[in-house]
Amino acid sequence: MAFLIYDGSFEGFLTVVFECYSQKIIPTDICKESNYQENLFEENQTITTNEEKSSRVWKALYKKLHAKNKDLPYTVFLSNEAGIEMKLYRFIRRIFDSHRSIETDFGDQDVLQLKKIKRQVMREAMRMMQFIRFQQTKDNIYFAAIEPEYDVLPLVLNHFKNRFADQHWLIYDLLRDYGFYYNLHNTQEVTLTEKTFSETNGKVNENILEEKEETYQILWKSYFDHINIKERKNLKLQRQHMPKRFWKFLPEKSPLL
């Protein structure tokens with residue numbers, strides 16, 4: 001029995017799974033380095049991420065999973081929910097150790113919860129695709145800030161690469177302090193040490209904002225107000241489809257300047 005510590009990456013988690021099989025470890029818990037609090041009365045072991053080992057686990061798991069569930073392990077891992085590693089670990093062990101499919105065994109609490117978490121994460125990813133708003137800077141980079149409940153940025157990259165393939169853009173997760181920059185060819189993960197935007201609402205500093213951008217935002221706000229039929233206004237329904245936590249990032253929900 002051991003408390004296993006890893007670097008927090010999905011590859012690191014898969015390496016943990018590999019070592020559990022290889023070293024015949026039965027983990028009491030699996031924890032990110034950033035969340036670990038030392039306990040003198042427990043045995044712990046740090047597992048170093050190994051791409052070859054993680055790749056072997058992923059390839060074997062990918063073969064075992066049904067087509068509609070092949071993205072489940074990575075998607076639920078991005079939820080960062082407390083205890084997600086042990087739920088995933090037990091699920092993966094059952095996948096490998098069972099001779100029949102257990103992916104629809106909803107009598108298993110891990111299977112049931114992982115399916116539920118996947119739906120929640122995918123719903124949040126869909127909201128990011130709906131509510132991300134770009135601001136154009138003077139150096140012709142389109143910047144957008146987000147603050148999702150789950151770490152869904154990796155799930156929406158292909159959508160924006162396809163939709164804005166001819167533009168340089170940067171989407172930044174304020175909550176997790178990292179983002180992805182697209183340079184017309186590929187995306188690169190970045191962490192900005194110097195912030196030229198508000199860390200509260202993601203608004204780009206006026207001195208680097210493209211001159212016409214403010215005008216465009218005013219026009220967009222004005223258009224939104226004019227198509228909004230006051231007599232049919234339903235705030236409860238609006239908040240259901242457009243949660244209030246997104247409003248600070250939306251120019252159409254900002255007051256006119």
Side-chain angles (χ1 to χ4, degrees), residues 8-14 30 32 34-35 58 65-89 91-92 103 106 109-135 142-164 169-182 187-192 197-203 224 234-254:
S9 68
F10 187 60
E11 291 76 13
F13 169 72
L14 293 179
I30 302 171
K32 296 179 176 67
S34 58
N35 296 337
W58 180 245
L65 289 169
H66 188 277
K68 65 181 180 181
N69 291 321
K70 290 186 185 298
D71 63 340
L72 185 144
Y74 183 57
T75 302
V76 299
F77 178 82
L78 292 176
S79 72
N80 289 324
E81 288 206 355
I84 195 63
E85 291 92 349
M86 285 302 295
K87 289 185 178 71
L88 262 178
Y89 171 74
F91 174 75
I92 292 172
E103 298 167 56
F106 298 120
Q109 284 301 305
D110 288 327
V111 175
L112 187 63
Q113 290 182 38
L114 291 177
K115 290 279 191 174
K116 180 181 177 181
I117 292 170
K118 179 186 174 182
R119 288 195 299 271
Q120 293 171 336
V121 174
M122 293 306 297
R123 183 167 62 245
E124 186 72 354
M126 183 61 68
R127 283 171 169 166
M128 289 301 103
M129 289 188 279
Q130 292 174 330
F131 300 133
I132 279 181
R133 300 290 186 268
F134 286 101
Q135 306 162 72
Y142 289 81
F143 173 83
I146 60 173
E147 208 171 55
E149 287 186 345
Y150 307 112
D151 186 13
V152 297
L153 186 48
L155 300 179
V156 302
L157 291 179
N158 282 336
H159 168 80
F160 288 100
K161 282 170 64 177
N162 293 333
R163 187 172 180 184
F164 303 107
W169 50 257
L170 169 61
I171 305 175
Y172 206 80
D173 187 332
L174 300 179
L175 190 61
R176 296 162 187 85
D177 195 24
Y178 89 106
F180 283 93
Y181 170 67
Y182 177 67
T187 54
Q188 302 170 348
E189 184 175 332
V190 297
T191 299
L192 302 177
F197 54 87
S198 168
E199 295 184 57
T200 302
N201 58 23
K203 290 189 182 298
F224 179 82
N234 186 332
L235 289 177
K236 184 178 179 181
L237 184 63
Q238 187 182 81
R239 290 191 180 100
Q240 180 181 335
H241 293 287
M242 185 189 291
K244 198 168 183 177
R245 60 191 171 91
F246 295 110
W247 290 11
K248 62 183 179 180
F249 300 113
L250 304 176
E252 62 266 36
K253 298 301 292 183
S254 301

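All values below were derived from every heavy atom in this structure, side-chain atoms included, with hydrogens, water molecules and symmetry-related copies excluded. Sequential numbering from 1 along the given sequence is applied to the chain's residues. The model shown is predicted, which means the values in this text are computed figures rather than measured ones.
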Next on the checklist: If you compare all heavy atoms of Leu170 against all heavy atoms of Phe134, which two are closest, and at what distance to 0.1 Å?
Outcome noted: O-CE2, 4.4 Å
Item to check | Phe180 and Phe160 aromatic centres sub-6.0 Å | outcome: no
Checklist outcome for this item: Looking only at heavy atoms, the pair that brings Ala145 and Gly202 closest together is CB-CA, 3.5 Å
Checklist entry - Can you find a heavy atom in the side chain of Thr191 that is under 4.5 Å from one in the side chain of Tyr172? => result yes
Item to check | pair Glu199-Asp177: side-chain heavy atoms closer than 4.5 Å | outcome: no
Checklist entry - Quick check: does any side chain N or O of Tyr142 sit under 3.5 Å from a backbone N or O of Phe164, one acting as donor and the other as acceptor? => result no
Checklist entry - Does the side chain of Gln113 reach to within under 4.5 Å of the side chain of Glu81, using non-hydrogen atoms? => result no
Item to check | Interatomic spacing from CG in Leu114 to NZ in Lys87 - rounded to 0.5 Å | outcome: 7.5 Å
Next on the checklist: Between Leu14 and Tyr74, is there a side-chain heavy-atom distance shorter than 4.5 Å?
Outcome noted: no
Checklist entry - Mind checking whether Phe91 and Val76 have side chains closer than 4.5 Å, heavy atoms only? => result no
Checklist outcome for this item: In short, Asn69 meets Leu65 closest at the heavy-atom pair O-CD1, 3.6 Å
Checklist entry - Nearest heavy-atom pair of Ala144 and Ile132: which atoms, and what distance? => result CB-CG2, 3.6 Å
Checklist entry - Does the side chain of Ile117 come within less than 4.5 Å of Ile84's, by heavy atoms? => result yes
Next on the checklist: Side chains of Met86 and Asp110, heavy atoms from C-beta outward: is any pair under 4.5 Å?
Outcome noted: no
Checklist entry - Does Arg176 have any side chain to side chain donor-acceptor pair (under 3.5 Å) partners at least two apart in sequence or in another chain, and if so, which? => result Asp173
Enumerate, atom names and distances included, each donor-acceptor pair closer than 3.5 Å involving a side-chain atom of residues 146-155, sequence neighbours excluded.
unit_1, atom_1, unit_2, atom_2, d
Glu147, OE1, Lys248, NZ, 3.0
Tyr150, OH, Gln120, OE1, 3.4
Asp151, OD1, Tyr178, OH, 2.7

Checklist outcome for this item: Output for pair (Met128 CE, Leu157 CG), nearest 0.5 Å, gives 13.0 Å
Checklist entry - Quick check, are the ring centers of Phe143 and Phe197 under 6.0 angstrom apart? => result yes
Checklist outcome for this item: Partner of Met126 under side chain to side chain contact (heavy atoms under 4.5 Å, CB included), picked from Arg123, Gln130, Met122, Glu124, is Gln130
Checklist entry - Just wondering, are more than 12 heavy atoms of other shown residues or ligands nearer than 6.0 Å to NZ in Lys116? => result no
Item to check | Residue pair Pro73 / Leu88: nearest heavy atoms and the distance that separates them | outcome: O-CD1, 3.6 Å
